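Working notes for the structure below.
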2 protein chains.
Amino acid sequence: MIDAAGLRVMKAIADEGSFTSAANALGFTQPAISQMVRRLEQRTGTVLVERYGRQVRLTEAGQVLARHAVGVLAALDAAEEEITAIAGLRAGRVRLQAFPSSSATLVPKALAILRSRHPDITMTFTEAEPPQSLAALRAGDCDVAVIFATKDVDAGELVEDLSLLVTRHLLDDELRLATPKDHPLAQTGTASLSDFASEDWIAGCPRCRAHLVGLADKAGFRPTVSFEIEDYVAQLGLVTAGLGVALVPDIILNAAKHDDVATLSLSPVSQRQILAVTTPDLLRVPAVAAALDALCAAAGADPSTSPAELAASPA
Amino acid sequence: MIDAAGLRVMKAIADEGSFTSAANALGFTQPAISQMVRRLEQRTGTVLVERYGRQVRLTEAGQVLARHAVGVLAALDAAEEEITAIAGLRAGRVRLQAFPSSSATLVPKALAILRSRHPDITMTFTEAEPPQSLAALRAGDCDVAVIFATKDVDAGELVEDLSLLVTRHLLDDELRLATPKDHPLAQTGTASLSDFASEDWIAGCPRCRAHLVGLADKAGFRPTVSFEIEDYVAQLGLVTAGLGVALVPDIILNAAKHDDVATLSLSPVSQRQILAVTTPDLLRVPAVAAALDALCAAAGADPSTSPAELAASPA
DNA sequence: GGTAATGCATAAGTGTCGGTTATGATGAGG
DNA sequence: CCTCATCATAACCGACACTTATGCATTACC
C-alpha cells in the first residue's frame, strides 16, 4: 500500500516545502510529484497535503508519513550500504570447513592471506572430515569445504559425490612412507609398499587406516597396524622411536622438518588431490571467491585455474 | 534501489524456505518471485539466493535484506496503521482557535461533544480574535477558526477576507442592549440605539468598541464610553450597578441568567454571524469534519447546512 | 533404477504504473 | 494590472512486474 518511493516524496515535500523544489530535490518533474501525491492520497483514503493558494503543506496524516519516512529510508540506506559492503569486500563472512591435516599449514596460511588482503572479512573455521564438510556445504551451513580425494584408488571410498558443486584444485598431496632414519631402505628414495609388509604400521584416523589397508591389499599383503594415532606429529614421533612405519601426507612433512625420519616415495605413487569445494552460486559471492583465491595462494596453486572436475574422472 | 516489495519477497523466502511457498504466502505466482529475486540481484550486484539442487537458501547478503525487512515492513505497517487510525477517527488532532466570547459556551460544549463522539481525537484550543485565527489558519498553524462577522454593518471592518476558505454557519448572534432592570426603557423590549445616546456606555475590546462607535454613528450620535472592560461578566456587573449600558452578544446572555439586567433588542437589529472556518482540504480530514460537526451541534445548527459563502454578500 | 512429482528458470504476452512534455488555472507580487 | 510562480490536468509512452505456458533439473518413490 505504502512504498518507499511514496515516503521519499512525502519527506521531500516536508523538507522542501513545495512540489516543485521537492521534484528538483528528487530529480523528477513537478507533475510527477503532483500525481504521486494524488495516488498516495487515494490509496490511503486520506488528505495528505493541504493546498492553500499556491502553497502546499502537509496535513497531520502527511506529517505522519514524512516522520516515518525518515526511519524507513534510513533503514533502507543501511541495508543498501551493508549489501554494497559485502559486494565490495568491506564486510562479509566465510564459513570454512577443512579436514584436520589441512589445518596444520594450508588453512592458517590461507586465513592469513585473506586477512591481509581483506581485513574486514571474517572467516570462521571448523575442522571436519570431507563427508561432514560436504554435508554442511550442501545443507548451507558452510561456504567452502577443503577436502581431499584420491586420484587413483577406488578401493577406498574417498571420492565423494561432487555433483552440483564446483571444485578448485589446491595441490596434489603425495602419500609418503615415513621410516626411521636408520631403516635399511631409508635411503632408497622410492620403495614399494610391499617392501614393508612385515613392518609394524602406525595408522591414523579410521578413514586413513582404511586407505592404508586398501593400498596394502592392492600390494598383496595385510598390514600389521600396531598403533592408531590421529595426530601426525605423534605418528612421526613413533617412527623416530623406531616403533614402526607410517603413511604421512606430504603437506605434513613440508610443514616442518623432521630430521629424524626418512621419507620414501611410494611406487605406485599414491596421490590425493586437495580441493576447495563450494557451490556455483557461492562462487559468485565476493568473499567466498576471495577465500578460494586465498586458499589457492596458500597452496601455491594458480588461482586462475579452472575448477577441476573430478566427479567424472576417477582414473 | 531497494524497495519495500523486494524486502517483502526476501523475507517471505527466508520464512517459507522456497520460492513456491513464498509466492503462495504473498499471493503471487512462483515465476513472479523468481524474477523478482533476479531483478534484486542484478540491481544490487550481489548473489542473494543460493540455488542448490531444487532448494534455495539465502546468502549472507540475502539474509541482510531479510533481516532489515522486518524492521522496514514493521515501520511501514505502523505508518499505515497511523494513517488508517486518523482516517477512522481513532486518532488525530484538531487545532481550534476561537474568539474570546465564544469560549464561554460554544467551544466548551463543542469540545465535550467531540470528546464524547470521538474520545481519541485530541483537540487543542487557543483564544484568538478573528484576524489572528484566520491568519493562523492561512499559515497552517490552525485547523478550524471560529470567528464572527457582522451581516449588516460595513462601518466596522468585521468582515474578513474569506476567499480560499470554507465557512460553516454556526449561529446568528444578536447584539442586545443591556440596561439596569430599573431603567425607564427596560421593559420596552425593543429600542433604538439613539434612545440611549446620552447614557454612559460600557465597551469591551477595541474591536467591540469600534463596532459600537460605528453603530452609534449610523444612529446619529457619539457614545460616551465611560468604561472599557473586556470581560462581559464584569460589564454586566457594571450595568447591574447602574453605571451604564452595554452592548452584549446573545450567546453571553444565554450562557447564564442575569436577573438584575434587562436586555433590549435593537432596532435596527445588529446581528453578527458566528462562523466556523477552515480550508477546503482540511474539510476532508475526518477529524476536522468531526470538529465542525461538533461545533454545529453545540450551536444547535444543522450540521448538513452547506457552507455559507459570506465573502461575496456583505449585505 | 525407472518414473512421477516437485521446484526453479525461462519465454512470451499484457496491463498498469510512473514518468515525461505540454498546457491550463490561479494566487502572489511588483 | 500584468507577470511570474506554482500546482493541476491531459495526453502520451515506456518499462516494469505479473501472468500463463513450458522446459529442465533434482528428488523421491515404487
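Lettering follows sequence order; numbering is per chain, from 1. What you see is a predicted model, and the numbers here were worked out from it, not measured in a lab. The basis for the numbers below is simple: all heavy atoms, side chains too, and nothing from hydrogens, waters or symmetry mates.
Where B/Ile33 and A/Ser21 meet DNA chain D, the nucleotide closest to each residue was compared, and A/Ser21 sits on the side nearer the 5' end.
Between B/Glu16 atom CD and C/dG7 atom C1' the separation is 15 Å, expressed in whole Å. Taking atom CD on B/Glu50 and atom P on C/dG7, their separation rounds to 18 Å, with Å as the unit.
If you run side-chain contact (heavy atoms from CB on, under 4.5 Å) between A/Leu96 and each of A/Thr124, A/Thr278, A/Leu295, only A/Leu295 comes through.
The side chain of B/Arg51 places an N or O atom within less than 4.0 Å of a non-bridging phosphate oxygen (OP1 or OP2) of C/dA9. Contact check, B/Ser34 against C/dA9: a side-chain N or O comes under 4.0 Å of OP1 or OP2.
In this structure B/Asp15 satisfies the salt bridge (Lys or Arg N to Asp or Glu O under 4.0 Å) test together with B/Lys11, sequence neighbours excluded. For A/Ala22, the side chain to side chain contact (heavy atoms under 4.5 Å, CB included) partners two or more places apart in sequence, or in a different chain, are A/Ala12, A/Ile13, A/Glu16. In this structure, the side-chain hydrogen bond (donor to acceptor under 3.5 Å, both in side chains) partners of A/Arg57, at least two apart in sequence or on a different chain, are A/Glu50. Every residue meeting the salt bridge (Lys or Arg N to Asp or Glu O under 4.0 Å) condition with B/Arg284, not counting sequence neighbours, appears here in chain and number order: B/Asp281. Every residue two or more places apart in sequence or in another chain was checked for a side-chain hydrogen bond (donor to acceptor under 3.5 Å, both in side chains) with A/Arg43, and none qualifies. With sequence neighbours left out, B/Phe99 forms a ring pair (Phe, Tyr, Trp, His ring centres under 6.0 Å) with B/Phe148.
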Return a table of donor-acceptor pairs under 3.5 angstrom between the side chains of residues 61-73 of chain A and protein atoms on other chains or two or more places apart.
| unit_1 | atom_1 | unit_2 | atom_2 | d |
| --- | --- | --- | --- | --- |
| A/Gln63 | NE2 | A/Leu58 | O | 3.4 |
| A/His68 | ND1 | A/Val64 | O | 3.0 |
| A/His68 | NE2 | B/Glu82 | OE2 | 3.4 |

Quick one: side chains of residues 126-140 of chain A, donor-acceptor pairs under 3.5 Å with protein atoms, not counting sequence neighbours, listed by atom name and distance.
| unit_1 | atom_1 | unit_2 | atom_2 | d |
| --- | --- | --- | --- | --- |
| A/Glu127 | OE2 | A/Ser103 | OG | 2.9 |
| A/Ser133 | OG | A/Pro130 | O | 3.0 |
| A/Arg138 | NH1 | A/Asp161 | O | 3.1 |

Name every donor-acceptor pair, under 3.5 Å, that has one atom in a side chain of residues 31-41 of chain A and the other anywhere in the protein, sequence neighbours excluded.
| unit_1 | atom_1 | unit_2 | atom_2 | d |
| --- | --- | --- | --- | --- |
| A/Glu41 | OE1 | A/Arg51 | NH1 | 3.4 |
| A/Glu41 | OE2 | A/Leu48 | N | 2.9 |
| A/Glu41 | OE2 | A/Val49 | N | 3.1 |
| A/Glu41 | OE2 | A/Arg51 | NH1 | 3.2 |

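Chain A approaches DNA chain D over the interval D/dC4 to D/dT26, counting the first and last nucleotide 5' to 3' with an atom under 4.0 Å from its heavy atoms.
Comparing the end axes of the helix from C/dG1-D/dC30 to C/dG30-D/dC1, each fitted to five base pairs by superposing C1' atoms of four pairs onto the next four, gives an inter-axis angle of 30° (nearest 10 degrees).
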In sequence, state the C-alpha distance, the side-chain angles, and the governing distance for A/Ser18 and A/Thr20, and then conclude on side-chain hydrogen bond (donor to acceptor under 3.5 Å, both in side chains). CA-CA 5 Å; A/Ser18 79; A/Thr20 305; 4.7 Å; no
Contact state string [nucleotides 17-30 of chain C, B base, S sugar-phosphate only, - no protein heavy atom under 4.0 Å]: -BBBBB----BS--
